[in-house]
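A short write-up of the structure that comes next.
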Amino acid sequence: MRETWYDTAQICLGGHVINPMSVGSPAHNQRFCDQCGKAAITACQTCTAPIRGLFHDSLAAARAQYNRPSYCHNCGKAYPWTR
Ligand SMILES: [Zn+2]
Ligand SMILES: [Zn+2]
């Protein structure tokens, strides 16, 4: 079992964080944003790398504050909410 890993975040195209733990807590996933109605994505639209969500470690961090990323960590492209 993985002890430390990044969950995958689900964020709408307008930048609302829908679920920072879409793998760990899939019950909170939504296909569309309930605040603006835009589609929700879990991966970079340029390179398909998963959007980093909450970092899980064996001590505590699963409840840490989550700040959505502005740019893809894999290809460096701005996410839709950054443009
Ligand atoms: Zn939204
Ligand atoms: Zn990317």
Side-chain angles (χ1 to χ4, degrees):
M1 188 176 154
R2 293 175 296 179
E3 295 260 308
T4 60
W5 55 289
Y6 278 102
D7 212 307
T8 298
Q10 188 177 50
I11 302 175
C12 89
L13 295 175
H16 298 115
V17 178
I18 292 170
N19 184 4
M21 305 166 68
S22 71
V23 176
S25 297
H28 296 291
N29 287 345
Q30 301 173 191
R31 291 182 61 201
F32 293 94
C33 180
D34 59 3
Q35 295 182 68
C36 72
K38 290 188 162 78
I41 62 171
T42 55
C44 175
Q45 294 180 306
T46 302
C47 72
T48 73
I51 299 168
R52 274 187 179 168
L54 277 178
F55 182 69
H56 294 266
D57 69 26
S58 54
L59 293 176
R63 293 272 166 244
Q65 276 288 328
Y66 176 71
N67 296 307
R68 66 175 157 77
S70 299
Y71 297 89
C72 176
H73 67 274
N74 190 58
C75 70
K77 281 275 199 276
Y79 284 125
W81 48 87
T82 304
R83 283 179 216 132

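What you see below is based on every heavy atom in this structure, not just the backbone, and it leaves out hydrogens, waters and symmetry mates.
- Counting all heavy atoms, side chain and backbone alike, Q10 lies closest to S22 at CB-CB, 4.2 Å.
- Between the T82 side chain and the S70 main chain, a donor and an acceptor come within less than 3.5 Å of each other.
- For the atom pair CZ of R52 and OH of Y66, the computed distance is 10.0 Å after rounding to the nearest 0.5 Å.
- Contact of the Y79 side chain with the I11 side chain is not registered, since no non-hydrogen atoms from C-beta on lie closer than 4.5 Å.
- Checked against side chain to side chain contact (heavy atoms under 4.5 Å, CB included), H28 has the following partners two or more places apart in sequence or in another chain: N19, S25.
- Between the side chain of D7 and the backbone N or O of V23 there is at least one donor-acceptor pair closer than 3.5 Å.
- Remark: I18 CD1 to R31 CZ distance equals 12.0 Å, nearest 0.5 Å.
- The backbone N or O of G15 lies less than 3.5 Å from a partner atom in the side chain of R68, making a donor-acceptor pair.
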Listing, residues 34-51 side-chain donor-acceptor contacts under 3.5 Å, not counting sequence neighbours, or none:
none

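- Between G53 and Y6 the shortest heavy-atom distance is O-CD2, 3.6 Å.
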